[in-house]
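Written below as structure tokens is the structure these notes are about.
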Number of protein chains: 2
Amino acid sequence: MSKVIVSISMSLDGYIAGSNMSSKQPMGENGERIHDWMFKTKTDMDSDVIDEIWETAGAVIVGGRTYKVAISDAWRGSSPFNIPAFVITHSVPEEIVKGFTYITEGIEKVLMEATVQAGAKNIWVMGGADIIQQFINAKMVDELQINLVNVLMGKGVRLFDKINIGQVELEKQRVIDSTGVTHLKYRVIK
Amino acid sequence: MSKVIVSISMSLDGYIAGSNMSSKQPMGENGERIHDWMFKTKTDMDSDVIDEIWETAGAVIVGGRTYKVAISDAWRGSSPFNIPAFVITHSVPEEIVKGFTYITEGIEKVLMEATVQAGAKNIWVMGGADIIQQFINAKMVDELQINLVNVLMGKGVRLFDKINIGQVELEKQRVIDSTGVTHLKYRVIK
């Protein structure tokens, strides 16, 4: 059955990007450190985790800022996704990119559209932090996959900054102990 | 050789206690959830992790607030530790407790005294968050043991709130995948 999945890389101290994100540094200051496990120190276990996400996802959702700094500017004119991709945004950009659907009516609308497109596959909420927090607070997330990176960033963009629904219980489903990262998978108990 | 160890339980969203810590609720509001793995859901793996800390520690260091709310009030008149215990405090309390040494000259002084007492065993920096942050920022921590609990607390006392020495690289040494908690052990690279 189709699930709503968050899968994101986070430093041990809770950051998913560095400070001062911009088109020139989409991951913020020194933020690329958080993704080293996908490139510099990648193991077969890490590859499997990445492949699994792509193979099981039928649609992907990104926030407006992530789209702007990471996708629209860095990969101008083409979608990096081979599945339907949805952008939650305040206004549809003038220059639209093939493969993206722009949604201005918020997370419930985007989830409805993404669910139709995903079919039996999962809906992957990619980020940024604001969008993930909105999905968690709306109790729409079924599974939380945290790729916990062996570093303290000290500052940057926190993943869990505005969770406002009290304690959220998690059921651990899997731990993969790779080299530069620990892949944690939790079911969110609703 | 003697190492300086931080070993502490933390929710997936980075909290080591709830909000509004007091003598009546030493772990803050709902903060005892963070320690459920030691009681309610304890496995043999969890017991081994706890035993290991106690067996390898030759001295323990706590901050003034932790001492006040958790130890002086909750366990009035007796130390819960069977090893020398040091309290970092602004002033020596009127009512002193046997087994504790009160240090008013800061973390370097306390580490010096604890090192002498610990001999070849480890020095365990127990908390709270402020003291752990001071030790990390002073580059005095050799090993970080995080017992990562399957819950989002939403609010409370964050462990990594004031790390101000830039990125701190960690080398993962061990992952123990228990039921309610994941025991992560890292060497701090200096």
Side-chain angles (χ1 to χ4, degrees), chain A residues 6 10-15 18-19 29-34 36-37 41 45 129 132-133 136-137 139 141 144-146 148-156 158-189, chain B residues 6 10-15 18-19 29-34 36-37 41 45 129 132-133 136-137 139 141 144-146 148-156 158-189:
Chain A
V6 167
M10 181 176 94
S11 66
L12 182 65
D13 55 346
Y15 297 101
S19 305
E29 281 165 25
N30 301 314
E32 69 286 351
R33 170 66 189 86
I34 296 167
D36 276 353
W37 69 271
T41 64
M45 283 183 274
I132 292 174
Q133 287 158 20
I136 293 174
N137 286 333
K139 302 191 180 179
V141 176
L144 208 45
Q145 295 193 20
I146 304 292
L148 194 69
V149 179
N150 303 0
V151 72
L152 304 178
M153 289 288 289
K155 59 182 180 175
R158 276 196 201 274
L159 178 56
F160 298 114
D161 223 12
K162 299 177 206 91
I163 305 302
N164 59 20
I165 51 170
Q167 289 180 12
V168 178
E169 289 292 333
L170 306 171
E171 182 191 351
K172 193 165 43 161
Q173 302 207 298
R174 188 180 70 186
V175 176
I176 297 176
D177 178 12
S178 187
T179 307
V181 61
T182 311
H183 302 287
L184 303 161
K185 188 193 275 195
Y186 301 94
R187 186 172 72 85
V188 179
I189 298 174
Chain B
V6 167
M10 181 177 95
S11 66
L12 183 64
D13 56 346
Y15 297 102
S19 304
E29 282 165 24
N30 301 314
E32 68 287 350
R33 170 65 188 87
I34 296 167
D36 276 353
W37 69 272
T41 64
M45 282 183 275
I132 292 174
Q133 287 159 18
I136 293 174
N137 286 333
K139 302 191 179 180
V141 176
L144 209 46
Q145 295 192 20
I146 304 293
L148 194 69
V149 178
N150 303 359
V151 71
L152 303 179
M153 289 289 288
K155 59 182 179 176
R158 276 195 200 275
L159 178 56
F160 297 114
D161 223 12
K162 299 178 205 91
I163 305 301
N164 59 20
I165 50 169
Q167 289 180 14
V168 179
E169 289 293 331
L170 306 170
E171 182 191 352
K172 194 164 45 160
Q173 301 206 299
R174 187 179 71 185
V175 176
I176 297 175
D177 178 13
S178 187
T179 305
V181 62
T182 310
H183 302 286
L184 303 161
K185 188 194 274 194
Y186 300 95
R187 186 171 73 85
V188 180
I189 299 175

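Bear in mind that the values here come from a model prediction, so they are computed numbers and not experimental data. Proteins come first, then strands; the chains are lettered A, B, ... in the order of their sequence lines, and each starts at number 1.
Counting heavy-atom pairs closer than 4.5 Å to chain A, the top-ranked of the candidates B/Val151, B/Asp161, B/Asp13, B/Ile165 is B/Val151. Note: A/Gln167 leads A/Gln167, A/Lys162, A/Glu171 in heavy-atom pairs under 4.5 Å with chain B. Comparing A/Ile136, A/Asp177, A/Asn30, A/Ile146 by heavy-atom pairs within less than 4.5 Å of chain B, the highest count is held by A/Asp177. Taking chain B as the reference chain and counting heavy-atom pairs below 4.5 Å, the highest number among A/Gly156, A/Gly180, A/Ser178 is found for A/Ser178. Across A/Glu169, A/Lys172, A/Met10, the residue that shares the most heavy-atom pairs under 4.5 angstrom with chain B is A/Lys172.
Contacts between A/Leu159 and chain B at a heavy-atom distance below 4.5 Å are absent for every atom of the residue. Contact annotation for B/Thr41: neither backbone nor side-chain heavy atoms come within less than 4.5 Å of a heavy atom of chain A. Proximity to chain B (any heavy atom under 4.5 Å) is restricted, for A/Leu144, to the side chain, taken from C-beta onward. Contacts between A/Ser11 and chain B at a heavy-atom distance below 4.5 Å are absent for every atom of the residue. Neither the backbone nor the side chain of B/Ile189 comes within less than 4.5 Å of any heavy atom in chain A. Looking at A/Leu12, the atoms closer than 4.5 Å to chain B (heavy atoms on both sides) sit in the backbone and in the side chain alike. Interface residue A/Val181: only backbone heavy atoms are found under 4.5 Å from chain B. Within the 4.5 angstrom heavy-atom criterion, no atom of A/Asn164 approaches chain B.
In this structure, B/Glu32 CD and B/Glu29 CD are separated by 10.0 Å, a value rounded to the nearest 0.5 Å.
Residues B/Ile163 and B/Asn137 meet the side-chain proximity criterion, which asks for heavy atoms closer than 4.5 Å. Side-chain atoms of A/Tyr15 and A/Arg33, non-hydrogen and from C-beta on, never get closer than 4.5 Å to each other.
Put simply, the side chain of A/Asn150 never gets that close to the backbone of B/Arg187: no donor and acceptor are under 3.5 Å apart.
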Next on the checklist: Run B/Leu170 and B/Val188 through side chain to side chain contact (heavy atoms under 4.5 Å, CB included) and show every step you take.
Outcome noted: CA-CA 5 Å; B/Leu170 306 170; B/Val188 180; 4.1 Å; yes
Item to check | B/Tyr186 and B/Val141: CA distance, side-chain angles, deciding distance, side chain to side chain contact (heavy atoms under 4.5 Å, CB included) verdict | outcome: CA-CA 11 Å; B/Tyr186 300 95; B/Val141 176; over 6 Å; no
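Among all heavy-atom pairs drawn from B/Arg158 and A/Phe160, the shortest one is NH2-O, 3.2 Å. Scanning both residues, B/Met153 and B/Gly31, for their nearest heavy atoms gives CE-CA, 4.0 Å.
Applying side-chain contact (heavy atoms from CB on, under 4.5 Å) to B/Val175 and the options A/Leu184, A/Val175, A/Leu148 leaves one that passes, A/Val175.
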